[in-house]
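Lettering of chains follows the sequences in order, A, B, ..., and the numbering in each one begins at 1.
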Amino acid sequence: MTTIFILQFLTNYFINAKKLIKYSPLTTHVLNIAEGAPATRMALSLHRLDHNTKIWNMLTVGTTNTDGRCPGLISRAGFTPGTYKLRFETGQYWDSLGQTAFYPYVEVVFTFKEPDQRFHIPLLLSRFSYSTYRGS
Amino acid sequence: MSTQRLQQLKGHFLSEHKVTSMAGPVSPLSTHVLNIALGVPGSNVSLSLYRQDTPSEVWSLITTGITNADGRCPGLITKEMFTSGVYKLRFETQQYWESIGEASFYPYVEIVFTISDPGQKYHIPLLMSRFSYSTYRGS
């Protein structure tokens, strides 16, 4: 009986954690536009700039899934106004596909002042180009 | 001295294009900033070029400049200085948008790229709006 209860508790815990993750106010989507496919298994990291020290603090590390997305970047409470950086390990990604590329990595630095905002920051990528925009 | 001759001499001294072309060979690295929201060159955009030192990974400043009326910045680097390595072009994009009275999502744009064959020419444009930008390796 107790085992079942514990198992139930753990299952619920992980389901709720996934819900939290699902609702990150910051999302990204990496697309390999040379192949017309999501860029899977790309390492990325999110950083916030400490305005006093001018140092970047790493908040999250992740890897894109089969859809080129990386849920759970940051919590609603954690996403306070400021200056952030999304760093994509694009060089490593092309390496893993056995290809060279022009950019060793891509860093997208953005800033916002109003609280309670959501941003979608895609990265469209080929070996010799990339683009990004603020989406929804 | 005749008026015509004086006019000719004045032309030599005052021509901006001549000064540039006499400054030596064309930089093997060039850029072009475009304001794609307005469909115009991004002029008066401050930028700087860095090379990454090995093995320290520290960035060394090579040039600072500002884009001209055509959104270009000639003379970024000389052939002699253009060795293999990792470089960074930093564009002060937010300053640019602020100078035309607008806010922007990106405080600046940095493009980091690897030069493995310095014998080639590299053209690195930046196409930007307030909420997007793109770059590619051009010619």
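- Per-residue heavy-atom pair counts under 4.5 Å with chain A were compared for L127(B), T114(B), I111(B), V109(B), and the maximum is reached by T114(B).
- Among Y84(A), F112(A), F110(A), the single residue meeting the ring pair (Phe, Tyr, Trp, His ring centres under 6.0 Å) criterion with F105(B) is F110(A).
- Proximity to chain A (any heavy atom under 4.5 Å) is shown, for V112(B), by both the backbone and the side chain.
- Of the two parts of I121(A), only the side chain, counted from C-beta on, holds a non-hydrogen atom closer than 4.5 Å to a non-hydrogen atom of chain B.
- Heavy-atom distances place both the backbone and the side chain of Y105(A) under 4.5 Å from chain B.
- Linking ILVMFWY residues whenever their side-chain heavy atoms come closer than 4.5 Å, directly or via other members, places Y106(B) and W97(B) in the same cluster.
- When each of T83(A), V108(A), V106(A) is scored by its heavy-atom pairs under 4.5 Å with chain B, the top score falls to V108(A).
- Considering only heavy-atom pairs separated by less than 4.5 Å from chain A, the leading option among S134(B), S116(B), A103(B), S129(B) is S134(B).
- Heavy-atom neighbours of Q99(A) CD from other residues, nucleotides or ligands within 6.0 Å: above the threshold of 12.
- Residues V33(B) and F131(B) share a hydrophobic cluster, clusters being chains of Ile/Leu/Val/Met/Phe/Trp/Tyr side chains in contact below 4.5 Å.
- Contact annotation for Y122(B): only side-chain heavy atoms (C-beta onward) come within less than 4.5 Å of a heavy atom of chain A.
- Under the 4.5 Å side-chain heavy-atom criterion for grouping Ile, Leu, Val, Met, Phe, Trp and Tyr, V109(A) is not connected to F91(B) through any hydrophobic cluster.
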**Item:** side-chain contact (heavy atoms from CB on, under 4.5 Å) evaluation trace for F102(A) with I115(B)
**Value:** CA-CA 8 Å; F102(A) 193 44; I115(B) 301 297; 4.2 Å; yes

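- No more than 12 heavy atoms of other residues, nucleotides or ligands sit less than 6.0 Å from atom NZ of K79(B).
- For the set S132(B), S104(B), P107(B), the count of heavy-atom pairs under 4.5 angstrom toward chain A peaks at P107(B).
- Y136(B) is connected to I36(B) through a chain of hydrophobic side-chain contacts under 4.5 Å among Ile, Leu, Val, Met, Phe, Trp and Tyr, so both are in one cluster.
- Y133(B) is listed as a side-chain neighbour of T132(A), based on a closest heavy-atom distance under 4.5 Å.
- One hydrophobic cluster, built from ILVMFWY side chains closer than 4.5 Å, holds both F128(A) and I124(B).
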